[in-house]
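What follows is one structure encoded as structure tokens, with my remarks underneath.
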Amino acid sequence: MIRNFHTPGRSVAIAGEAMAATSHPLATLAAIEALRAGGTAADAAVAAAATLCVVEPHMTGIGGDCFCLVARPGAPVWGYNGSGRAAAAVHPEVLREQGVQTIGMDSIHAVTVPGAVEAWAQILAAHGRFDLGRALAPAIRYAEEGFPVTPRVGYDWAQSVSRLQNDPGAARHFLLNGRAPEVGEIMRFPALAATLRMIAKDGPRAFYEGPIADDIAATIAARGGFVTAEDLARHRGTVVDPIATSYRGLDVVELPPNGQGLTALVLLNILERFDLGSLEALSPKRLHVLIEAARLAYSVRDAHIADPDHMRVTAESLLDKAFAAKLARRIDPAQRMPRPPVPTPGSDTVYLTVVDRDRTAVSFINSLYAAFGVGIATERTGIMLQNRGACFVTDPDHPNCIGPGKRPMHTIIPALGMRDGRCVLSFGVMGGGYQAMGHASFVSNVVDYGMDVQAAIDWPRVFFEGEQVVVEEGIPDAVVADLRRCGHDVVRRPLPLGGGQAIAIDWDRGVLLGGSDGRKDGCAIGF
């Protein structure tokens, strides 16, 4: 599918040897520099992720979590769950006694142990040639010497000023005399640079034990939170076996719960029951089916996905094609289902992908959850804390109820596409709860409509938020009107839905094809 060169847009990036796609040019450059220096896709991915923790600080940080999939030719797909846990001392009944019915985005109880730094070290140990210090070098340089603020980063930063002003550490490190930096202005993070240097010198234990961990624990304790230095010291991520489903011959691979990758697979199983390829890609009929299928898949997510040690149904049972067929029969092709959807909160994340000269593909995602996480930063070490625990519930009868040492249901999900045992797609979508629907929409765009990865990313997006269906400006007015006639309460979304990156591997021609979302500042580059 060749794009229309008369209209603004991006061509798919094409290269022969290696490629990286991230949401920020400096991170893509860090990945390319690592690849040119002889690093693997894993080395490049960690270098890019660490750089993003500096240059996109509202989207991600070393106080957040990380998930990763690695596809090496001739080897099983390797998965890593780098999400942190709730404090050992937190109990739902204690929170309810304090009057906490839901864990809000700005609640100190939303802070969970950061998993990213430990995950980076494990990913490098398993699949890299660089040590953590070498991978962190670009991030340290940008934190010390400064980086220019790009347009989308600057826009988003300005929306968070009031949250950042409410916390001394956040105001000190992430504002300039009480204001957000302007687009093109140079921003520096000297405290974060010093923290990264300690990690580069002494490895991940320097983050989870000693002065850095003590600073994190003290910051949380001062605000009534439960995460302690002991919680940090005991953190370990987990190597996991991926889960997958086949969508019209493409094997789509996701990480298992506690992530919501299972939701994307359930959604694809439902969509497979419909002949989407016979419908126009931007037709109201296709979008109606996509919305209704998503509402069903997300109801499965919100009922069942949790820390796998606490789930009451298996991922395998939810991936059963017969189960999807039963769900699909609930969809009326002409009318919205009356059952209301469960609201899904928004959030901020970075996704990146790298494929190296050996055709090892890394699908990698790192996040603080909401913009600037919980809005609280350590004053001495300059670490913004995540608010991933806001995905917990406080209902003791729910598998995703907050509890000692539990991992919350997680929205960030990397993905791969496989054919005949070989990786042909490495992709992911940013955007909080939207990510599972984003994966399914992207896969459908590629498989059902033959779009290249850039076109599949660029395609206008729809989602549901509470009772409403939100659409981007690229959805025509006539399509909106038809969706309303189907019973959908459709509104235009003021900001676009998420972002995304993808790399396709064309094994026959020996080339890589990359795409990066114009909704962000990033790019795909290869050589």
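Residue numbers start at 1 and run along the sequence shown.
The minimum heavy-atom distance between A27 and A48, with the atom names listed, is O-CB, 3.5 Å. The two atoms that bring I457 and S516 nearest to each other are CD1-N, 4.1 Å, heavy atoms only. Heavy atoms only, all atoms of each residue included: C486 and H288 are closest at CB-ND1, 4.0 Å. Considering all non-hydrogen atoms of both residues, N400 and I305 come closest at CB-O, 3.9 Å. Minimum heavy-atom separation, P73 to T360: CD-OG1, 3.9 Å. Between M451 and A281, the shortest heavy-atom distance links the atoms CE-CB, 4.0 Å.
Here S246 contributes atom OG and D251 contributes atom CG; the two are 5.0 Å apart, rounded to the nearest 0.5 Å. Atom CZ of F364 sits about 9.5 Å away from atom CD1 of I412, to the nearest 0.5 Å. Rounding to the nearest 0.5 Å places OG1 of T51 at 11.0 Å from CD of E56. Atom-to-atom distance recorded for H58:NE2 and R152:CZ is 6.5 Å, nearest 0.5 angstrom. Here the straight-line distance linking atom CD1 of I475 with atom CZ of R492 works out to 7.5 Å at 0.5 Å rounding. Separating the CG atom in L136 from the CG atom in L132 is a distance of 4.0 Å, to the nearest 0.5 Å.
Taking the charged nitrogens against the carboxylate oxygens, R493 and E473 have no contact shorter than 4.0 Å, which rules out a salt bridge. The pair E292-R330 fails the salt-bridge criterion, with no side-chain N (NZ, NE, NH1 or NH2) lying under 4.0 Å from an Asp/Glu carboxylate O. We find that E472 and R519 are joined by a salt bridge, their nearest charged nitrogen and carboxylate oxygen being less than 4.0 Å apart. A salt bridge between D517 and R461 is present, with a side-chain N of the basic residue lying under 4.0 Å from a carboxylate O of the acidic one. Ion pairing between R407 and D65 fails under the 4.0 Å rule for side-chain N and carboxylate O. A salt bridge is defined here as a Lys NZ or Arg NE, NH1 or NH2 lying under 4.0 Å from an Asp or Glu carboxylate O, and R485 with D482 meets this definition.
Looking at N258, its side chain never comes within 3.5 Å of a backbone N or O of D307 through a donor-acceptor pair. Here the side chain of H24 pairs a donor or acceptor atom with the backbone of L26 at under 3.5 angstrom. A donor-acceptor distance shorter than 3.5 angstrom exists from the side chain of N387 to the backbone of A370, with no hydrogens or angles considered. Side chain of W78 to main chain of C68: no donor-acceptor pair is present (N/O by atom type, distance under 3.5 Å, no hydrogens or angles). Looking only at distances, no side-chain donor or acceptor of N366 sits under 3.5 Å from a matching main-chain atom of A116.
Contact annotation: the side chain of L196 approaches that of V54 to within less than 4.5 Å [non-hydrogen atoms, C-beta and beyond]. The closest side-chain heavy-atom distance from R3 to S11 is below 4.5 Å. Within the 4.5 Å cutoff, no side-chain heavy atoms of T40 are placed close to those of R72. Counting heavy atoms from C-beta outward, P460 and L282 have side chains that approach closer than 4.5 Å. For the pair D448/F274, no side-chain contact is recorded, criterion being any heavy-atom separation below 4.5 Å from C-beta on. With contacts defined as side-chain heavy-atom distances shorter than 4.5 Å, the pair I123/C66 qualifies. Contact annotation: the side chain of V471 approaches that of V480 to within less than 4.5 Å [non-hydrogen atoms, C-beta and beyond]. Looking at heavy atoms from C-beta onward, T349 lies out of side-chain contact with M59 at the 4.5 angstrom threshold.
In the displayed structure, E185 atom CD is contacted under 6.0 Å by more than 12 heavy atoms of other residues, nucleotides or ligands. Shown here is K326, whose NZ atom has no more than 12 heavy atoms of other residues, nucleotides or ligands within 6.0 Å. The number of heavy-atom neighbours closer than 6.0 Å to CG of D420, taken from other residues, nucleotides and ligands shown, is 12 or below. Taking a 6.0 Å sphere around CZ of R273, one finds it holds 12 or fewer heavy atoms contributed by other residues, nucleotides or ligands.
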Quick one, V362 with T353, criterion side chain to side chain contact (heavy atoms under 4.5 Å, CB included). Give me CA distance, side-chain angles, the key distance, then yes/no. CA-CA 6 Å; V362 174; T353 178; 5.8 Å; no
Go through it in stages, so that I can follow the logic: the residues are S363 and Y351, the test is side chain to side chain contact (heavy atoms under 4.5 Å, CB included), and I'd like the CA-CA distance, side-chain angles, deciding distance and then a yes or no. CA-CA 8 Å; S363 188; Y351 171 82; 2.7 Å; yes
Can you list the steps and then say if E272 with K321 is a salt bridge (Lys or Arg N to Asp or Glu O under 4.0 Å)? CA-CA 9 Å; E272 196 176 34; K321 297 276 189 175; 2.5 Å; yes
Using the side chain to side chain contact (heavy atoms under 4.5 Å, CB included) rule, take V289 and L271 through it: C-alpha gap first, then chi angles, then the decisive distance, then the call. CA-CA 8 Å; V289 170; L271 293 177; 4.0 Å; yes
Side chain to side chain donor-acceptor pair (under 3.5 Å) evaluation trace for T112 with Q386: CA-CA 7 Å; T112 49; Q386 69 178 346; 3.0 Å; yes
Determine, step by step, whether V424 and L250 satisfy the side chain to side chain contact (heavy atoms under 4.5 Å, CB included) criterion, reporting the C-alpha distance in whole Å, the side-chain angles of both residues, the deciding distance to 0.1 Å, and the verdict. CA-CA 9 Å; V424 295; L250 179 72; 3.8 Å; yes
Would E467 and R336 count as a salt bridge (Lys or Arg N to Asp or Glu O under 4.0 Å) here? Give the steps. CA-CA 11 Å; E467 294 288 346; R336 179 182 184 270; 3.3 Å; yes
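Counting only residues at least two apart or in different chains, ring pair (Phe, Tyr, Trp, His ring centres under 6.0 Å) contacts with residues 409-428 comprise F67-H410, F427-H439, F427-F442.
Taking the centre of each ring, Y155 and W157 stay at or above the 6.0 Å mark. For F189 and F174, the ring centers sit closer than 6.0 Å to each other.
A donor-acceptor contact closer than 3.5 angstrom links the side chains of T28 and T22. Under the 3.5 Å distance criterion, with hydrogens and angles disregarded, no donor-acceptor pair is assigned to the side chains of S441 and S444. Side-chain contact of Q260 with T411: a donor-acceptor pair under 3.5 Å is absent, judged by distance alone. A donor-acceptor pair shorter than 3.5 Å can be found between the side chains of S83 and N81.
Remark: R301 is not positioned above the aromatic ring of Y298, lacking an NZ or CZ atom under 6.0 angstrom from the ring centre and at most 45 degrees off the axis.
Scored by the salt bridge (Lys or Arg N to Asp or Glu O under 4.0 Å) test, R10 finds no partners at all (sequence neighbours excluded).
A side chain to side chain contact (heavy atoms under 4.5 Å, CB included) with M437 holds for exactly one of V429, L497, L290; it is L290.
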